[in-house]
*Asks:* 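Please read through the structure below; I'll follow up with questions.
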There are 2 protein chains.
Amino acid sequence: MDTRRSTPVRHNTIPPEACSTDLRRRLLRESPFFADLTGGDIDRVNARFNDVGYEPGRAIIREGDPATRLGIVAAGVVKLFNYGDSGNLVLIDVLGPGDHFGSIAGFGPDTYQESAQASDLVCALQIDASVFRTLLETIPAIAVRAVEVLSNRLRLSHELVRQLGAHNAESRVAYVLKRLATRFGRSWEHMTLIDVSLSREEIAAMAGIQTETCSRILSAMRRDGIVEAGRGWVAVRDPARLE
Amino acid sequence: MDTRRSTPVRHNTIPPEACSTDLRRRLLRESPFFADLTGGDIDRVNARFNDVGYEPGRAIIREGDPATRLGIVAAGVVKLFNYGDSGNLVLIDVLGPGDHFGSIAGFGPDTYQESAQASDLVCALQIDASVFRTLLETIPAIAVRAVEVLSNRLRLSHELVRQLGAHNAESRVAYVLKRLATRFGRSWEHMTLIDVSLSREEIAAMAGIQTETCSRILSAMRRDGIVEAGRGWVAVRDPARLE
DNA sequence: CGCTGCCTTGATCTTCTTCAAAACGTGTGG
DNA sequence: CCACACGTTTTGAAGAAGATCAAGGCAGCG
């Protein structure tokens with residue numbers, strides 16, 4: 001019964017071929033930041049962005065680099081992370097299409113506080129932070145949307161803080177899985193497959209625990225029929241029992 | 001040498017008598033949200049706010065209540081908290097003048113995710129979330145400022161996540177103290193007194209640890225001359241050695 | 001002056017980390 | 001296509017860190 005899947009079933013999202021041409025326009029219009037804009041404004045904004053493709057594993061921004069750009073994920077998955085005092089990985093967040101990273105508007109510290117790495121093949125739209133700030137100031141609709149995006153992100157972050165405070169490795173892993181399933185879930189064989197390649201180490205780094213502990217917990221959940229998991233992937237079988 | 005102060009030296013901030021009249025105008029102008037506004041706009045904004053005073057211990061918003069208002073701390077200290085699965089306290093943040101709480105703009109979930117309680121005598125300016133949203137949309141400068149405020153808060157929240165992930169009770173307490181000292185520090189007897197009344201339980205709840213563990217750690221820090229502490233208060237003597 | 005609640009300290013126990021080794025998947029090159 | 005080698009995952013056992021239980025001390029207050 002415990003047929004551990006031998007192959008991580010998960011489509012390595014491949015943006016057809018980067019995100020060039022006017023596909024960008026559509027992406028921008030769908031991005032939370034610019035959803036309210038009229039056609040003309042979209043064009044104005046579009047002109048200010050450039051798109052960059054990254055192969056899996058490539059660093060997009062690096063902790064400590066001067067914080068000069070704002071990026072928006074157009075396609076693929078980006079991991080936001082850094083390293084704790086003792087060199088241990090901390091995975092702060094996993095980003096999908098529409099999510100932003102980097103410096104919002106030239107506010108705050110002048111260097112990035114975290115690194116961003118492409119997990120998939122990623123296409124990211126990027127803009128100079130000061131240029132974005134000018135856009136904010138000249139097109140009010142963008143600023144209003146930015147407020148919405150940020151307050152949502154802040155709420156999620158508070159939720160994460162709350163959960164990390166409720167110490168207990170198992171419930172933290174459960175929370176991480178629930179969150180990932182909501183954000184990146186794809187229906188697959190009567191389960192919700194988390195459609196992102198995540199190692200045990202990375203899941204552990206999101207829950208603030210150790211790799212081995214994470215592995216043990218996932219094994220137990222698999223035994224109990226709550227999840228299905230293999231090398232680099234997890235699927236949620238019984239969301240209700242994730243507490 | 002270990003003369004543990006018998007009286008928590010800390011001035012219980014008392015707003016002269018609430019925050020009425022046009023003192024409000026000044027407060028609004030100093031608040032991060034409205035710093036850029038012209039006189040006329042300040043008046044427009046001012047008219048939409050009302051001020052409410054709270055005695056120490058009073059609940060300002062309660063987790064689960066319909067999220068209809070945005071509040072800004074004008075004077076005093078507000079604690080943002082809720083309770084984990086097992087009924088344990090989680091102190092998400094401590095707010096001072098200029099900080100906001102509640103619903104930013106009618107976005108997000110329709111109930112508050114956390115409770116807010118007055119620690120001091122508090123004066124809070126409050127506005128209906130939908131009214132605030134209208135202000136955002138009609139006065140672009142507010143939206144731009146809101147973006148700045150939110151991105152700062154988000155950055156701080158990410159920093160907290162990072163710190164909670166870097167597991168080790170002592171360094172987490174150190175981080176909490178450093179953060180509080182920066183935000184609420186007042187120079188006192190060659191030390192930095194954290195000018196907020198915080199019990200051991202509350203400090204523990206910010207670091208995600210247990211009350212007793214927190215007490216032990218603070219005792220050790222006191223032994224090492226890093227901090228001075230008493231009932232309900234902590235002062236940092238040697239910030240450098242807080243790692 | 002004694003009550004109440006916060007803080008401290010000790011002892012024990014649970015949980016998670018750490019160290020170690022084996023099993024398994026995956027991609028590689030023959 | 002198969003076998004090998006590498007990195008990930010799993011599992012075990014020992015150890016440490018922190019939680020929990022319990023009791024005593026101290027401050028503030030009626």
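Just so it is clear, the model here is predicted, and its values are computed rather than measured.
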*Asks:* For B:Arg172, run the side-chain contact (heavy atoms from CB on, under 4.5 Å) check against B:Leu164, B:Thr213, B:Leu177 and tell me which one passes.
*Replies:* B:Leu164

*Asks:* Quick one: which of D:dT11, C:dC16, C:dT8 gets closest to the side chain of B:Ser219?
*Replies:* C:dT8

*Asks:* Could you pull out the closest heavy-atom pair between B:Pro239 and B:Arg237, with the gap in Å?
*Replies:* CD-O, 3.6 Å

*Asks:* For D:dA19, does OP1 or OP2 lie under 4.0 Å from any side-chain N or O of B:Thr213?
*Replies:* yes

*Asks:* Regarding A:Glu30 and A:Arg26, does a basic nitrogen lie under 4.0 Å from an acidic carboxylate oxygen?
*Replies:* yes

*Asks:* Base, sugar-phosphate or nothing for A:Ile209? Non-hydrogen atoms, less than 4.0 Å.
*Replies:* sugar-phosphate

*Asks:* Could you check how far CE of B:Met221 sits from C1' of C:dT8, rounded to whole Å?
*Replies:* 16 Å

*Asks:* Quick one: B:Glu212 CD to C:dA11 C1', roughly how many Å, whole number?
*Replies:* 13 Å

*Asks:* On a whole-Å scale, what distance lies between the C1' atoms belonging to D:dC26 and C:dA11?
*Replies:* 22 Å

*Asks:* Using atom CD of B:Gln210 as one end and atom C1' of C:dT15 as the other, report the distance to the nearest whole Å.
*Replies:* 13 Å

*Asks:* Starting at CG of B:Leu198 and ending at C1' of C:dG5, how long is that distance when rounded to a whole Å?
*Replies:* 17 Å

*Asks:* Check each of B:Asp93, B:Leu70, B:Ile60 against B:Phe101 using the side-chain contact (heavy atoms from CB on, under 4.5 Å) test, and report the only one that passes.
*Replies:* B:Ile60

*Asks:* Out of C:dC24, D:dC26, C:dT17, which nucleotide sits closest to the side chain of A:Arg231?
*Replies:* C:dC24

*Asks:* Please report the distance, rounded to the nearest Å, between CD in B:Glu202 and C1' in C:dG5.
*Replies:* 14 Å

*Asks:* Is there, by distance only and without an angle test, a donor paired with an acceptor across the side chain of B:Arg200 and the base of C:dC7 below 3.5 Å?
*Replies:* no

*Asks:* May I ask you to verify if any side-chain N or O of B:Arg216 is less than 4.0 angstrom from the OP1 or OP2 atom of C:dG10?
*Replies:* no

*Asks:* Find the distance B:Glu201:CD to C:dT8:C1' and express it as a whole number of Å.
*Replies:* 15 Å

*Asks:* Can you identify which nucleotide, out of C:dT8, D:dT11, C:dT17, has its nearest atom closest to the A:Ser215 side chain?
*Replies:* D:dT11

*Asks:* Whole-Å distance between C:dT17 P and A:Asn168 CG?
*Replies:* 11 Å

*Asks:* Whole Å only: how far is the CZ atom of B:Arg172 from the C1' atom of D:dA19?
*Replies:* 13 Å

*Asks:* Charged N to carboxylate O below 4.0 Å: is that the case for A:Asp224 and A:Arg241?
*Replies:* no

